[in-house]
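Would you mind keeping the following structure in view while I ask a few things?
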Amino acid sequence: MIGVLIASLIAMILYVIGLIVTVSISSLNTSRIMKHGLIIFVIGYVLTAIIFYFVMPAITVPNMLIANLIIAVVLLPLLLYAVQPGEKVETRVVTPLVLVLGAAVIGVIVITILSFTTLQQAHQSISIQEEAEAKPLSKDETPITVAPEFARNKIQKAMSVVPNPQFYDLGKLQVQKVNDEIVYIAPVEFADFWKFVRGKETAGYFKISATNVNAQPEFHEEPMQYTNSSYFHKYIQRVIYNKYPQYIQSGVAQVEVDDDGKPWYVQTVYRPVHVTNRPNVDAIKVVVIDPQNGDMQMFDTKEAPDFIQGSVSSEMATLENDYFGKYVHGWLNSVFGKRDVKIPNESGTESGVTPMFNEEGEMFYFTDMTSPKENIDSALGYTLVNARTGELTYYGGEKNNGIMDSEGAKQIVNKEFPEKKWEGYMPVLYNVDGNPTWVVNVLDPNGLHKQYAYIKANDSDFVVFGDTASETLDAYRMALLQDPSNVGATDDAVTEQVTGEVERVLVTSSDQGQIVQFLLTDDPTIYTVNASKAPLAIFLKQGDHIQADVQILDNGTATVEKIDIEELTE
């Protein structure tokens, strides 16, 4: 209650000033004015505290100034009426009170204007890196292949394993890495107020793999009293507000579990820039709460306990993308000139962004950026926001500039199955053999996983569908090899030189040309070359000796970029 009491007291300051002005100037009996003034103050304070208990406005200059103005406008006329009921109020009292209220109104207007002028400062508070050469994400760095809608659907079907399941609903899904496994964590939350009154504590949380569509959810019994769905003094947001009322909370608190399986609520908070409510991204904090007893601790986001991957919330990452893209040259430019303005797409799975992990186990939020010009569906680049530090990296080099955006990738999937009403979810940009590629989950109207779609990001007609991620990847790679217009991998891919004697050869034909596959003696790798790149390859036979520049893939195969056949080139 401390935060509520402090905020309510601050919100009464303008009324107290008005009361002092009235006592000082009015010709009426001072004790009468003070008596009525104190009664109105107590009533107003109690009502304000009740309202603030539920609204929980952060103690910031804009919030408190507006609250002061509203309370003063309501209570000061009541005071004047109470001391002179049915009589005309003294002009010498009204005039200074109007001036005081007018100054407060001007203050609100000034702060509103400042909130727009400080948008560029909020942009500058973001730690930004820009990479000249865009680097599409490799498959190993983005292992999340299960759409959260599909995971939620599976968990919903397993709710019967929860004790008294009629008491609960499923809470917000949060992806994290637990014991080297990428999983979704979903707490069970109270269904309504009466379930909270009867149940007193929630039953626990579900865990399900974020990389295996065939995995089944596991329920973990971990009773929690302080949750997002609890009421009164056990409501997570109120618990934080009462201790840190000067901080603004970003989004809804999420559950993350430590390596022992114990759940913790995690909430991103921040102090605003100057006298506005704009965030200072460089100084955001995270509050970690024990849901069993309500104990909490605040950390710098990068210094949070190691098991916490998302100390920066997805809502904060979305806000960062918004400030980074729109306000690079301030608010006026974002409205009129729009020079260098980039608009983040909202195709992500969490508040417009999509979480993913790199090879080191660090979590990032992915978002592609597009042009503010209407009817433009190409991407200008993409951002990765570090989920522990808030640092933003923008990849906007030539490789990704001009490729289709995530909305375009989803629309391609949506148009493929109109009769079944299957739709695309969770588009993520991969690097497949040097080709920027959108990988999209295909779900039915019930949220059940149906297929994967691999879409060449610079060619909307180049789409491959499959039932599993590995099967679709292999088919997509083969399609790339069969496409004569595909220039092959870029300089980012690692090329190796191999020599050896040909042991087996297979030549296949397609509408787009001939594909030669061969094995070398004592080498299990399957080498594939498009005859349009190496015409002499169709004459390859057992016993030939070759020297080739190849790119080794991660499924026991390799693509051939250049080949010399000793028996044909001598």
Side-chain angles (χ1 to χ4, degrees), residues 2-14 48-49 51-73 103-128 235-253 266-287 298 300-301 311-335 344 351-353 385 390 392:
I2 294 178
V4 171
L5 297 177
I6 294 174
S8 301
L9 188 61
I10 294 174
M12 300 293 294
I13 290 176
L14 194 59
T48 300
I51 294 171
F52 279 15
Y53 181 81
F54 294 99
V55 177
M56 294 177 289
I59 300 178
T60 63
V61 174
N63 292 351
M64 292 300 100
L65 184 55
I66 292 173
N68 269 276
L69 182 58
I70 293 172
I71 291 169
V73 167
V105 171
I106 292 172
V108 171
I109 295 172
V110 170
I111 286 175
T112 301
I113 295 172
L114 283 174
S115 70
F116 288 101
T117 60
T118 55
L119 281 169
Q120 190 170 7
Q121 286 181 267
H123 166 89
Q124 292 170 349
S125 73
I126 303 172
S127 177
I128 299 172
Y235 177 41
I236 284 290
Q237 190 174 350
R238 186 168 294 115
V239 171
I240 297 172
Y241 179 77
N242 283 329
K243 187 170 182 179
Y244 304 110
Q246 72 275 31
Y247 283 85
I248 298 174
Q249 300 183 43
S250 173
V252 178
V266 179
Q267 175 71 327
T268 304
V269 298
Y270 63 87
R271 295 293 298 272
V273 175
H274 304 314
V275 295
T276 71
N277 280 344
R278 306 296 183 186
N280 180 358
V281 180
D282 192 43
I284 53 179
K285 308 282 187 181
V286 61
V287 178
M298 179 182 286
D300 289 336
T301 53
S311 52
V312 175
S313 66
S314 56
E315 291 85 358
M316 177 57 69
T318 299
L319 197 61
E320 281 193 48
N321 282 317
D322 205 43
Y323 286 177
F324 164 74
K326 290 183 180 178
Y327 306 119
V328 58
H329 300 304
W331 176 75
L332 283 176
N333 179 71
S334 71
V335 176
S351 306
V353 296
V385 177
L392 183 150

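Just so you know, these numbers use all the heavy atoms, side chains as well, and skip hydrogens, waters and symmetry mates.
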How close do Ala104 and Leu69 get, heavy atom to heavy atom, and via which atoms?
CB-CD1, 3.7 Å
Would a 4.5 Å heavy-atom cut-off, applied to side chains only, mark Leu319 and Pro279 as touching?
yes
Steps toward side chain to side chain contact (heavy atoms under 4.5 Å, CB included) verdict (Asp322, Thr318):
CA-CA 6 Å; Asp322 205 43; Thr318 299; 5.7 Å; no
Considering only heavy atoms from C-beta outward, does the side chain of Arg238 approach that of Tyr53 to under 4.5 Å?
yes
Kindly say whether Glu315 contributes a backbone atom to a donor-acceptor pair with the side chain of Glu320 at under 3.5 angstrom?
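No.
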Is the closest side-chain heavy-atom distance between Leu14 and Ile71 below 4.5 Å?
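A side-chain contact under 4.5 Å is absent here.
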Do Val252 and Ile236 come close enough that some side-chain heavy atom pair is under 4.5 Å?
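Counting from C-beta outward, Val252 and Ile236 never come under 4.5 Å.
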Could you report the tightest heavy-atom contact between Thr268 and Ser313, atom names first, then the distance?
OG1-N, 2.9 Å
Distance check, rounded to the nearest 0.5 Å: Ser334 atom OG versus Gln120 atom CD?
10.5 Å
Met12 versus Thr48: any side-chain heavy-atom pair under 4.5 Å?
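The answer is yes; the side chains approach within 4.5 Å.
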Kindly indicate, with the supporting measurements, whether the criterion side chain to side chain contact (heavy atoms under 4.5 Å, CB included) is fulfilled by Val273 and Asn280.
CA-CA 5 Å; Val273 175; Asn280 180 358; 4.0 Å; yes
To the nearest 0.5 angstrom, please state how far the CD1 atom of Ile10 sits from the CD1 atom of Ile6.
7.0 Å
Atom pair CE (Met316) and CD1 (Ile284), whose distance is rounded to the nearest 0.5 Å
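With rounding to 0.5 Å, CE (Met316) is 5.0 Å from CD1 (Ile284).
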Evaluate the side-chain proximity of Asn242 to Val4: yes if any heavy-atom separation is below 4.5 Å, no if none is.
yes
Answer yes or no: is there a donor N or O on one side and an acceptor on the other, between the side chain of Asn63 and the main chain of Ala58, under 3.5 Å?
yes
Which atom pair, heavy atoms only, marks the closest approach of Ile59 to Gly3?
CD1-O, 4.5 Å
How long is the span from the OG atom in Ser8 to the CE atom in Met64, to the nearest 0.5 Å?
8.0 Å
With rounding to the nearest 0.5 Å, note down the distance linking OG1 in Thr118 to CH2 in Trp331.
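Rounded to the nearest 0.5 Å, the OG1-CH2 separation comes to 12.0 Å.
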Run the side chain to side chain contact (heavy atoms under 4.5 Å, CB included) test on Val269 and Tyr244 for me, step by step, so that the C-alpha distance in whole Å, both residues' side-chain angles and the decisive distance to 0.1 Å come before the verdict.
CA-CA 9 Å; Val269 298; Tyr244 304 110; over 6 Å; no
If you take all heavy atoms of Tyr270 and Arg278, which pair is closest and at what distance?
CE1-C, 4.4 Å
State, to 0.1 Å, how close Gln246 and Thr60 come at their nearest heavy-atom pair, and which atoms those are.
O-CG2, 4.5 Å
Flag side-chain contact, heavy atom, 4.5 Å: His123 against Lys326:
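No; the side chains remain at least 4.5 Å from each other.
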Go through the steps to decide whether Met298 and Val286 satisfy the test side chain to side chain contact (heavy atoms under 4.5 Å, CB included), and finish with yes or no.
CA-CA 6 Å; Met298 179 182 286; Val286 61; over 6 Å; no
Val281 versus Ala122, closest heavy-atom pair with distance:
CG2-O, 4.4 Å
Under 3.5 Å, is there a donor on one side chain and an acceptor on the other for Asp282 and Ser125?
no
In Å and rounded to the nearest 0.5 Å, what is the OG1 to NZ distance from Thr301 to Lys285?
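Answer rounded to 0.5 Å: 8.5 Å.
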